[in-house]
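Taking it in order: structure first as structure tokens, then the write-up.
Starting from 1, each residue takes its place in the sequence as its number. Keep in mind that what you see is a predicted model, and the values were worked out from it rather than measured.
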Amino acid sequence: MKEYSTKDIRNVVLIGSTKSGKTTLAEAMLYEGKVIDRRGTVEDKNTVSDYEEIEKINQRSVYAVPLYAEFAGTKINIIDAPGADDFCGGAFSAFRVCENGLLVINAQQGVEVGTEIFHRYAAKAKLPLILVVNQLDSEKADWDVIQHSLKETFGAKPVFIQFPVNPGTAFDSFVDVLTMKYYHYKDQNGTREEMDIPAEYAAQAEEMHAELVEKAAEYDEALMEKYFEAGDLSAEEIVKGLAAGYTSGQAYPVFCTSAKKDVGIKRLLEFIKDMAPAPSGKESDPASLFIYKSDVEQHLGEVSFFKVMSGIVTTGVDYEDAATGNKERFSAIYAVAGQKKEAVTKLHAGDFGCVVKLKNGKVNVTLSAIGSGLVYDKIEYPASKYRCAIKAKNQTDEQKLGDALKKISFQDPTVVVEYSKELRQTILSGNGEQHINIVKWRLNNEFGLEIELFAPKVPYRETITKVATAQYRHKKQSGGAGQFGEVHLLVCPAEGELNTKFKIDGKDTQLNIKTQDITELEWGGKLEFYNCVVGGAIDLGFMPAILKGIKEKMSEGPLTGSYARDIRVFVYDGKMHPVDSKEIAFIIAGRNAFKEAFRLAGPKILEPIYNVEVLTPAEYQGACMSDLQNRRGILGDLGADGGFSVLRARVPLAELYRYSTTLSSITSGSATFTMEFADYQPVPGDVQTKLLADYAAQEKDED
């Protein structure tokens, strides 16, 4: 492979809905770029992108795969991202390292929910987009419907560079109104003829060319002035204006293709070469790279995929992670096209490559020239939408399961694994049930592990709603020195202004605070602890022990064993023994006094509430609303986004297990959603009664 300077590099990510033909488009791009001499197909399971066994079985992309094409003196790096939202992590990684996006649209379906989802992701990442209308060779391809769909979804942003002259099974030609040429493809290997536009298409071409000129003028003030004066722009000026609109995100150039027949692919690559921005990194700066993907390959071990952010990365040089001080040396670096890896000696700023067997080569790691101190922003992945508990069927396999999950998460950071001390469960989270099922398949087939997936416990919280007092004496005598400690305390909700006047034992009592300790609890909320003991009833030195006992009980609440929060505790009296009072005695007395007071203080179970936003075709809006209400959801405002309905609701986490699966079922797979933690709210009375009964039964079983 030749060495490419930054100005001759383009980086693009292929995104779009499932079945839009991204992988087939990638094959055609690699074929035109001379990386492969024969195009594979998804059906034949021999594409460069989908080489993993699970992808061949399902005939769909699961992982984002880096590729490249060498075209007309330009290296075009390509990341083929999966089309299912469950596997959107690959697209998010690509957004971090690509300057351009190809949003692929199925000519049979128009803009689908999946199209809109990835469009929204790309827009949030401020990624310039080219709209590639693919599968125009399909029997159901309808150009008029496509145009209407694009305009309805994207407004004035679509800029039609081309129009097909014979969409459908015979599709082999289109008119390009930027070059004002007629392109006819003689075979299915990209062999094309460039001709003058036939007379029957001339009027339409002139009309669309005029629209293109006007659009190009809109994106540049100087060009707009000239357009008003002269009424036209030169070819170079059109390109300049269009490039300005494209890079600013105001214009989405629209192209016509059949990736399967290799129609329009060469023209698309020409546009990317001429119009798409090159990377912004400077070759003259210190060398640095950012790792955006990690993998484990059978014969190579751990592989780290990176983008050169600045300078020139070469073999035989030490680079450091400025965040940790760890140093790495690259014995070899490779250009990557799927499983094909070609050794190179250096890569310039903006280029993609990979290296094997780094000591700390994980996703989101920056490596740079020693002393440069360069560190780049990390990839921010979307919040998980599906969570479940996981365990090995054979308890002896728990360690193996942990190691396997660690490897899977290393390869896919959107697979989140954590052991919840609170729930006493290993929680597996991902972007949907499909995502988790892939993890299960890998555990079964790659690691030979039998596992169970089940509903996770809900991280409830416990608190109180009123004032209560209690006292507890711990007295123990066994042979030698005994244990003695007595604690009198008052509890109330930790809200509003601090009040120190209470009715205790039927008398109005003013408590005087001697010392205090305010703790922000690691699980949320707080504990306010006030020492109001007078007359030396309890030595100051025993207060930390009382506080420790209270915290121990708050970590396993009196109602259901869940964490307690937002409580004020006033220790106002007690007793000591000159010999038998010890720290352990006051820990026990404090814990039990708190437990009793808690039960008398109008205890309430709180549940986590999530803000849920559903994007659905309008015809399923009613079904989605009913389902959310059945989940105890409180509906918020309704909206619209690109022809889709947007529903917003506050829903308890306890009601969201397998929600992604249900939503797919009631909308025929056409809706998606996001969820984000909002706050904790009291559970309804009937739910609390059931939770208390369940916990009591559980404790009885454990006894």
Side-chain angles (χ1 to χ4, degrees), residues 1-14 22 24-39 48 66-80 98-102 104 128-132 134 161-162 173-195 234-236 238-240 242-243 246-247 253-259 261-281 283 307-308 335-338 340 342 344 346-353:
M1 173 186 288
K2 63 171 285 190
E3 187 177 328
Y4 288 90
S5 298
T6 304
K7 65 180 178 61
D8 297 321
I9 295 169
R10 304 291 183 270
N11 299 318
V12 301
V13 54
L14 308 186
K22 298 182 303 301
T24 306
L25 175 61
E27 286 289 304
M29 294 173 77
L30 267 60
Y31 178 76
E32 289 291 346
K34 311 304 181 188
V35 175
I36 57 176
D37 54 17
R38 184 171 179 269
R39 305 195 308 277
V48 178
L67 314 160
Y68 69 87
E70 295 181 271
F71 182 81
T74 302
K75 185 185 180 191
I76 301 175
N77 290 308
I78 304 158
I79 296 180
D80 180 14
C98 291
E99 294 78 27
N100 307 275
L102 302 186
V104 185
L129 290 176
I130 297 170
L131 305 183
V132 182
N134 192 26
I161 305 297
Q162 303 167 346
S173 305
F174 59 82
V175 172
D176 189 303
V177 299
L178 178 59
T179 61
M180 289 303 282
K181 291 287 185 182
Y182 175 81
Y183 293 86
H184 173 252
Y185 287 77
K186 299 165 64 175
D187 54 35
Q188 296 188 14
N189 294 313
T191 307
R192 73 182 187 189
E193 297 176 299
E194 296 181 27
M195 298 178 282
S234 67
E236 292 76 13
I238 295 171
V239 169
K240 179 184 176 183
L242 186 57
Y246 167 68
T247 55
V254 181
F255 283 78
C256 301
T257 68
S258 163
K261 292 184 175 181
D262 196 3
V263 175
I265 310 306
K266 184 179 293 183
R267 180 71 191 105
L268 175 62
L269 292 173
E270 290 170 346
F271 184 86
I272 293 170
K273 171 185 177 295
D274 297 336
M275 192 78 70
S280 59
E283 294 163 304
K307 177 185 180 181
V308 181
V336 187
K340 176 185 176 182
E342 182 175 347
V344 295
K346 60 180 66 174
L347 292 171
H348 291 239
D351 211 346
F352 288 6

Worksheet item: Are Glu99 and Lys307 within salt-bridge range, i.e. N to O under 4.0 Å?
Response: yes

Item to complete: Identify whether the distance between the nearest side-chain nitrogen and carboxylate oxygen of Lys273 and Glu270 falls below 4.0 Å.
Response: no

Item to complete: Report the C-alpha distance between Thr179 and Glu194 in whole Å, list the side-chain angles of each, state the deciding distance to 0.1 Å, and finish with yes or no for side chain to side chain contact (heavy atoms under 4.5 Å, CB included).
Response: CA-CA 10 Å; Thr179 61; Glu194 296 181 27; over 6 Å; no

At what distance, to the nearest 0.5 angstrom, does [atom1] of [X] lie from [atom2] of [Y]?
X: Asp351; Y: Asn11; atom1: CG; atom2: CG; result: 7.5 Å
X: Phe71; Y: Leu269; atom1: CZ; atom2: CG; result: 5.0 Å
X: Ile238; Y: Met180; atom1: CD1; atom2: CE; result: 9.5 Å
X: Lys266; Y: Tyr183; atom1: NZ; atom2: OH; result: 10.5 Å
X: Leu14; Y: Ile79; atom1: CG; atom2: CD1; result: 9.0 Å
X: Asn134; Y: Leu268; atom1: CG; atom2: CG; result: 10.0 Å

Practice prompt. Go through the steps for Asn189 and Arg39 under the test side chain to side chain contact (heavy atoms under 4.5 Å, CB included), then give the verdict.
Written response: CA-CA 9 Å; Asn189 294 313; Arg39 305 195 308 277; 3.6 Å; yes

Are any non-hydrogen side-chain atoms of [X] and [Y] less than 4.5 angstrom apart?
X: Asn100; Y: Pro277; answer: yes
X: Lys340; Y: Val48; answer: no
X: Asp274; Y: Val239; answer: no
X: Arg10; Y: Tyr4; answer: no
X: Ile76; Y: Glu32; answer: no
X: Asp176; Y: Phe271; answer: no
X: Val104; Y: Leu25; answer: yes

Donor-acceptor contact present, side-chain [X] to main-chain [Y], <3.5 Å:
X: Glu283; Y: Thr6; result: yes
X: Gln188; Y: Asp262; result: no
X: Ser258; Y: Val263; result: no
X: Glu342; Y: Met1; result: yes
X: Gln162; Y: Cys256; result: yes

Worksheet entry | Residues forming a ring-ring contact (aromatic ring centres under 6.0 Å, His included) with Phe352, sequence neighbours excluded |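 Here the qualifying residues are Tyr292.
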
Worksheet item: Got more than 12 heavy atoms from elsewhere within 6.0 Å of NZ, Lys34?
Response: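 No, because the 6.0 Å sphere around NZ of Lys34 holds 12 heavy atoms or fewer from other groups.
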
Worksheet item: Of all residues at least two apart in sequence or in a different chain, which pass the salt bridge (Lys or Arg N to Asp or Glu O under 4.0 Å) check with Glu70?
Response: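 Here no residue qualifies.
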
Discussion item. Going by side chain to side chain contact (heavy atoms under 4.5 Å, CB included), Leu102 matches just one of Ile78, Ile130, Leu131. Which one?
Written reply: Ile130

